[in-house]
Amino acid sequence: MRKDLILCGVGGQGTVLASRLISSAAMARGLPVHSAETIGMAQRGGSVFSHIRIGEGVYSPMNARGEADLIIGFEPAEAVRMLPFLKPDGRVVVSDRGVVPVTAALSGGDYRPEAMIEYLRDTVPNLTVVEAERALSEVGHPKVLNLILLGAALFDGSLGLSEEDLAGAVERLIPEKLRETNLRALRWAGL
Amino acid sequence: MHTEFLMGNEAIALGAVAAGVGLVCGYPGTPSTEVLETVAKHRPEQAWVEWSVNEKTAMEMAAGAACTGVRALVTMKQMGLNVASDPLMCVEYIGVRGGLVVLVADDPGPISSQTEQDTRSFAAFSKVPCFDPSDPQEAYEMIQKAFDLSEKYETPVFLRPTTRVSHAYASIQVRDPEEYRKGPAASFEKDSSRWVIFPRLSNRRHGEIEQRNALLSEVFSAEPANRIDREEGAFASSRRGVITGGISWTYAMEARRFLGPVRLMKVSTPFPFPEKRALEFLSGLEEVLCLEELDPYIERELKYLCGKRGLKIRVLGKETGHVPAAGENTRDSVLSAMAGFLEVSLPGPGELPAPPALPVRPPVLCAGCPHRASFYAVKQAMKGQETLFCGDIGCYTLGNAQPLDMVDTCLCMGAGLGIAQAVSHLEPGRSCFAFVGDSTFFASAVPGVINALYNQASFTLIVLDNSTTAMTGHQPHPGTGRTMMGQSVRPVSIEGVLRGVGLTTVETVDPLNLPLAVETVRRVAVLPGVKAVIFRSPCVALARPKGRVDIDASACVGCRKCIREIGCPALSFDGKAVRVDTAQCTGCGLCRQLCPAGAITGGEIHA
């Protein structure tokens, strides 16, 4: 199997853990994994990304434009920002909840996340929009958006991994007391 | 051997442990920090690991270890190498007994640095051999090779990853602990003809170093990591080749998938340059494209070689304008440069319709960050006066952003003190401030304080003490009372240092107590000479949040003073009232203290 993925969002949204879970799940299936992510100053409220490249024959941890099979956007504008990396028939899984940057709050707020979702609906044929507020309230935890989005990519088949693969990664990487909630978030999209 | 999913920096650390390293020290700096942290987690018995006060001290520690026969690793980012360059230049002349590897992570872009300097060029300048890995697996193997080479030739050796190698993750093959090399016990053997640098010794050693590096150019020419991939197919009779190194080599290998296998050389040991191997690569070529980041290092080496050998080959790259002189390479920039050079047309990318304007997301101080309160207090205290606010290197550089706008200068670690004291001499009417973090205070501010005091400068030193090295991921420093060996020790007191060198005004305040913080700055700023205010409040990323504030939407008058004045990322305006993002708010209470309508309640009370 060869899969090129991009996870993107805003610093603090949990893209790194989601990236780690995918990598761990793929490695448990014996697949080589390369990845790269944002570390350092940009993490402080800036745009962040993880590139994940699964399978043989990979040299670079970074994707090229038009190469990604799947983009998981933790934030609508960030998904749009990374869209040039999507291949023509690739899929986008995106949360509909915007994160308004301080700069927009200062200037009076001219950023409308809904406009980004509309743009994605117009340009991406294979799009899954996750209603973040509804999902989070149904799962009953405010900080599991990352697992909910992973689950959405899992159940629409675009991740190329199975529920067991990811549940195994959750077992390995997430402390026991948080495991139950995270597994519930992972399975939310399949309900 | 077994497989692990490791970050490049973790791979380097495990490689050092496998190579039997006995002392590891350094100073935190993106993108190098995780190397030392990972060694500390896997610390072999007998090994000493520490975050040193700065890179110069770390380099001197490593030099000390290396004269005992123990293997030493010293870690830093490229800016740190400037600080460590004095001992490094000398230890190259003195030489080592135990292997000494200098890990310097370069930052093309730059992504989180002040300069785009190139450690390969520093290697040539300092005459220190240099390895340049392309991925985590290679970095893991190279550091072990670097230790062997260092010991064999009695020289320090650079390992120089760049951000995309240091911070890449890969599933790689690593040794099992039983396969680790056991290092020798330390034994310093007195020999003043060897360990005491004098002009006569330096003169002799200079000649020996030049001879050795000529030999190493031969040794590196036989090094398999300096690999040449042959041209095939459409390029079989091509007179064009591509030479590269580091992460750019991985981009070039990926480009070959789209373009076909062109002749390609990877330079894994930029200094001493593997001339023989390069000549083998150049044989039969008429044009070479150099793909590298930072300096046109390989490009100049090839031009030099062509000149020396009288080869008529066009060497293209940064200096000829074929690739950009500055910034990072990407998969796409390398593919398009290679396609242009090889005259291969690629299908253009599908055009996307123009998206709506994307929000800009500059990095900001976290919600609840005490630095925001400190900057705001100084700003309030000094309103309407002629001021100069000298910033420094750390999270608090972000105090430059609107609406705080409290960083007028930022140069390098500790430089704010020098700038403030110079201006205080030249413009006596201006009230000068130097802001410095706690870790930076210990690393490089103390000589500046002594200099200012003795030479009769007049400015206010603001120490932003959040009790950690926050920007690089919360490393301990001498003020924290923790060490990388897991000891709890007596912290070095910032107040004690300042009073000890002779400052008479040293005040410590909680910046989140806004009225007291403002009053203190007003009072101290008008005093003559060098005086200090220490704003002490823990980093919010480490302290447990003290609840959160609530905003009564019916009481909020919508003036947005809280947003306009402090720019906290947890505050936003919904058109009628200010809202607080409960996931981000830490309850620091700063916004409550400046709300004119009393609409904000809750959070911490600082009195």
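Letters go in sequence order (proteins before strands), and every chain restarts at 1.
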- Message: Shorter than 4.5 Å, heavy atoms on both sides: which option in A/Ser23, A/Ala64, A/Pro61, A/Ala36 has the most such pairs with chain B?
- Response: A/Ala64
- Query: Top residue by heavy-atom pair count (under 4.5 Å) with chain A, among B/Pro356, B/Ala541, B/Ala168, B/Ser134?
  - Reply: B/Pro356
- Message: At a 4.5 Å cut-off on heavy atoms, which part of A/Pro32 comes close to chain B: side chain, backbone, both, or neither?
- Response: both
- Query: Is it the backbone or the side chain of A/Ile52 that comes under 4.5 Å from a heavy atom of chain B, or both, or neither?
  - Reply: neither
- Item | Portion of A/Lys87 that has a non-hydrogen atom of chain B nearer than 4.5 angstrom | neither
- Decide yes or no on side-chain hydrogen bond (donor to acceptor under 3.5 Å, both in side chains) for A/Arg20 and B/Tyr169, but give the supporting numbers first. CA-CA 10 Å; A/Arg20 216 62 96 245; B/Tyr169 275 85; 2.8 Å; yes
- Item | Closest non-hydrogen atom pair, B/Pro353 against A/Thr123 | CG-CG2, 3.1 Å
- Message: Less than 4.5 Å to any heavy atom of chain A: does that hold for the side chain of B/Glu34, its backbone, both, or neither?
- Response: side chain
- Task: Output the residues of residues 327-339 of chain B for which the shortest heavy-atom distance to chain A is under 4.5 Å, in residue-number order; output 'none' if no such residue exists.
- Result: B/Arg331, B/Asp332
- Message: Is B/Ile247 in contact with chain A via its backbone, its side chain, both, or neither, using a 4.5 Å heavy-atom distance?
- Response: side chain
- Should we count CD of A/Glu180 as having more than 12 external heavy atoms under 6.0 Å? no
- Counting only heavy atoms not in B/Lys561, do more than 12 fall under 6.0 Å of its NZ? yes
- So, for B/Thr3 and A/Met27, which heavy atoms are closest and what is the spacing to 0.1 Å? CG2-CE, 4.0 Å
- Item | Atom CZ of A/Arg184 with >12 non-hydrogen neighbours under 6.0 angstrom | yes
- Query: Looking only at heavy atoms, what is the nearest atom pair of A/Pro101 and B/Pro359, with distance?
  - Reply: CG-CB, 3.7 Å
- For the atom pair OG (A/Ser35) and CE (B/Met7), what is the distance rounded to the nearest 0.5 Å? 9.0 Å
- Message: Does any backbone or side-chain atom of B/Glu138 lie under 4.5 Å from a heavy atom of chain A? Answer side chain, backbone, both or neither.
- Response: neither
- Any side-chain heavy atom of A/His34 within less than 4.5 Å of one from B/Asp135? no
- Among the options B/Ala170, B/Ala570, B/Pro136, pick out the one with the most heavy-atom pairs lying under 4.5 Å from chain A. B/Ala170
- About how many Å separate OG1 of B/Thr250 and CE of A/Met62, when rounded to the nearest 0.5 Å? 9.5 Å
- Quick one: do A/Arg65 and B/Glu351 satisfy salt bridge (Lys or Arg N to Asp or Glu O under 4.0 Å)? Show the steps, please. CA-CA 12 Å; A/Arg65 283 168 178 253; B/Glu351 282 297 307; over 6 Å; no
- Note on the structure: When rounded to the nearest 0.5 Å, the distance separating OG of A/Ser60 from CZ of B/Arg164 is 9.5 Å
- Hey, could you give me the OH/CH2 distance between A/Tyr59 and B/Trp249, rounded to the nearest 0.5 Å? 5.5 Å
- Item | B/Ala357 versus chain A, the contacting section by heavy-atom distance below 4.5 Å | backbone
- Task: Check each atom of B/Ala354 against the heavy atoms of chain A and say whether the ones under 4.5 Å are side chain, backbone, both or neither.
- Result: backbone
- Message: Are there over 12 heavy-atom neighbours, none belonging to B/Arg256, within less than 6.0 Å of that residue's CZ?
- Response: yes
- Flag the one option from A/Arg81, A/Glu37, A/Glu118 with the top tally of heavy-atom pairs under 4.5 Å to chain B. A/Arg81
- Task: Any chance you could measure B/Leu352, atom CG, to A/Asp122, atom CG, to the nearest 0.5 Å?
- Result: 12.0 Å
